[in-house]
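Given the structure is predicted, the values throughout are model-derived calculations rather than measurements.
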Amino acid sequence: MADAVVWLRNHQDKFKMEVFEPPMICCTVPDRRYTDSIEACFNQDQLKILVTQCEEDYAALNHYLNDSEQAGLRKGARINIWFRPKVDLSPPPMNDAELKALGFDDYAINKIECPDGLLWFLTREVNLHRTAIGLDASKVDVNAAMEAVSRDGSGAKFIAGRVMNTVSRSRYGKRAATNMTKDLRPARNLVSSTIDPEIKKKLDQTIQEARQALEVINEDANNLAAEEREIRGEEAKFKKTFDALEARKKAVNNQKKHLATLTAKIETNKNKLKDLEKAPSVEDERAKLKKRLFEISNKRVRIVKEYTVSFLP
């Protein structure tokens, strides 16, 4: 059970509503005079049970603690867990005036401190709202109390001094009231140092506010995560568009370079063409060459003649 409580304290965020630790831990009896009486109203299982407030949390807690190994508890451990839907309950068997008149001090439910959400368990399961306590047995009219707590036919318990009285009515014959008595034992579980109720209330309120703040933070975190996913999706789209534009820009630049190269070649060829257009025609060039050859031939003939004359006697 101790390991289950430690796990629960560290994982309350897994549940829709607060899950309560066993009554032996989260309940206190401020007036020590009532400790033995209050504990006598519980059986051992009721003192050590974990209490949930909704069926969803009941199923989830059973899954974590009993149906799987996620909580890391001792193998074979079985943790008792409680949940019951809200229904109308039998009211206290006596009103306040009658309670006092019969020598009782109060109902057990008014002498125990606990989280508000645990009250349904204490009334539905333990019947503390129907268990009257009289600290001084000499003041309690037991016979009258037996009639008072059993007149609705359902029966109830009451404590006179250090004796627990369990009253019921027979289903047959005159339906007479019967009473089983049992001496109270010294309390063993609800005897820890009593916490100041006001301090405990403030601490519980602080814890509740912290849990609510955590829920808000978690909700905001989830919203931010969703926004981040959306932004990342948009970023991916923009990147894809940007990359496409960059590729297009690169292709355009390459085409510009290629066009510039072609333009330069065209300009060069144009200049060559102009030079060719300015050059003499083939016929003119041929006539020019013939003239040049003729002049060279005449020059050679003249030179030969001059050379020959120089060697004559």
To the nearest 0.5 angstrom, please state how far the [atom1] atom of [X] sits from the [atom2] atom of [Y].
{"X": "Glu235", "Y": "Phe242", "atom1": "CD", "atom2": "CZ", "answer": "12.0 Å"}
{"X": "Thr52", "Y": "Phe121", "atom1": "OG1", "atom2": "CZ", "answer": "10.5 Å"}
{"X": "Leu118", "Y": "Glu125", "atom1": "CG", "atom2": "CD", "answer": "11.5 Å"}
{"X": "Ile159", "Y": "Asn165", "atom1": "CD1", "atom2": "CG", "answer": "8.5 Å"}
{"X": "Leu262", "Y": "Lys265", "atom1": "CG", "atom2": "NZ", "answer": "6.5 Å"}
{"X": "Arg124", "Y": "Leu119", "atom1": "CZ", "atom2": "CG", "answer": "15.0 Å"}

Less than 4.5 Å apart, side chain to side chain, heavy atoms only: is that true for [X] and [Y]?
{"X": "Lys237", "Y": "Lys240", "result": "no"}
{"X": "Asn66", "Y": "Ile81", "result": "yes"}
{"X": "Val149", "Y": "Met94", "result": "yes"}
{"X": "Lys157", "Y": "Arg130", "result": "no"}
{"X": "Cys114", "Y": "Cys26", "result": "no"}
{"X": "Leu214", "Y": "Asn218", "result": "yes"}
{"X": "Tyr58", "Y": "Val51", "result": "no"}
{"X": "Phe20", "Y": "Cys27", "result": "no"}

Quick one: sort the Phe15 and Trp7 rings into parallel, tilted or perpendicular, breaks at 30° and 60°.
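Judged by the thresholds at 30° and 60°, the geometry between Phe15 and Trp7 is perpendicular.
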
Give the ring-plane orientation class for Phe158 versus Phe104, where under 30° counts as parallel, over 60° as perpendicular and anything between as tilted.
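Phe158 and Phe104: perpendicular rings.
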
[X] with [Y], same ILVMFWY side-chain cluster at under 4.5 Å:
{"X": "Ile207", "Y": "Ile217", "answer": "no"}
{"X": "Leu89", "Y": "Phe83", "answer": "yes"}
{"X": "Val140", "Y": "Leu184", "answer": "yes"}
{"X": "Tyr34", "Y": "Val163", "answer": "no"}

So, does [X] use its side chain to make a donor-acceptor pair with the main chain of [Y] at under 3.5 Å?
{"X": "Gln46", "Y": "Asn43", "result": "yes"}
{"X": "Glu113", "Y": "Pro30", "result": "no"}
{"X": "His129", "Y": "Ser90", "result": "yes"}

Test side chain to side chain contact (heavy atoms under 4.5 Å, CB included) on Trp120 and Val87 and set out the steps.
CA-CA 10 Å; Trp120 172 239; Val87 294; 3.9 Å; yes

Show your working on side chain to side chain contact (heavy atoms under 4.5 Å, CB included) between Ile112 and Thr28 and close with a plain yes or no.
CA-CA 6 Å; Ile112 191 170; Thr28 59; over 6 Å; no

Under a 4.0 Å N-O cut-off, is there an ion pair linking [X] with [Y]?
{"X": "Asp96", "Y": "Lys100", "answer": "no"}
{"X": "Glu98", "Y": "Arg151", "answer": "yes"}
{"X": "Glu21", "Y": "Arg9", "answer": "yes"}
{"X": "Arg232", "Y": "Glu228", "answer": "yes"}

Other residues, nucleotides, ligands: >12 heavy atoms within 6.0 Å of [X] [atom1]:
{"X": "Asn222", "atom1": "CG", "answer": "yes"}
{"X": "Arg185", "atom1": "CZ", "answer": "no"}
{"X": "Glu55", "atom1": "CD", "answer": "no"}
{"X": "Glu230", "atom1": "CD", "answer": "no"}

Determine, step by step, whether Val5 and Ile25 satisfy the side chain to side chain contact (heavy atoms under 4.5 Å, CB included) criterion, reporting the C-alpha distance in whole Å, the side-chain angles of both residues, the deciding distance to 0.1 Å, and the verdict.
CA-CA 10 Å; Val5 171; Ile25 296 176; 4.0 Å; yes

Only one of Asp183, Asp36, Asp136 passes salt bridge (charged side-chain N to carboxylate O under 4.0 Å, His left out) with Arg162; say which it is.
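So the option named by the test is Asp36.
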
Taking every non-hydrogen atom, the tightest pair across [X] and [Y]:
{"X": "Leu99", "Y": "Ala132", "answer": "CD1-CB, 3.6 Å"}
{"X": "Thr131", "Y": "Cys41", "answer": "CG2-SG, 3.7 Å"}
{"X": "Ala145", "Y": "Leu102", "answer": "CA-CD1, 4.1 Å"}
{"X": "Thr35", "Y": "Leu190", "answer": "CG2-O, 3.3 Å"}
{"X": "Gly161", "Y": "Ser37", "answer": "O-OG, 4.4 Å"}
{"X": "Glu39", "Y": "Ala187", "answer": "OE1-CB, 3.3 Å"}

Derivation and outcome, salt bridge (charged side-chain N to carboxylate O under 4.0 Å, His left out), residues Lys16 and Glu215:
CA-CA 10 Å; Lys16 184 177 179 181; Glu215 290 178 2; over 6 Å; no

Evaluation steps, side chain to side chain contact (heavy atoms under 4.5 Å, CB included), between Ile109 and Val126
CA-CA 10 Å; Ile109 194 68; Val126 192; over 6 Å; no

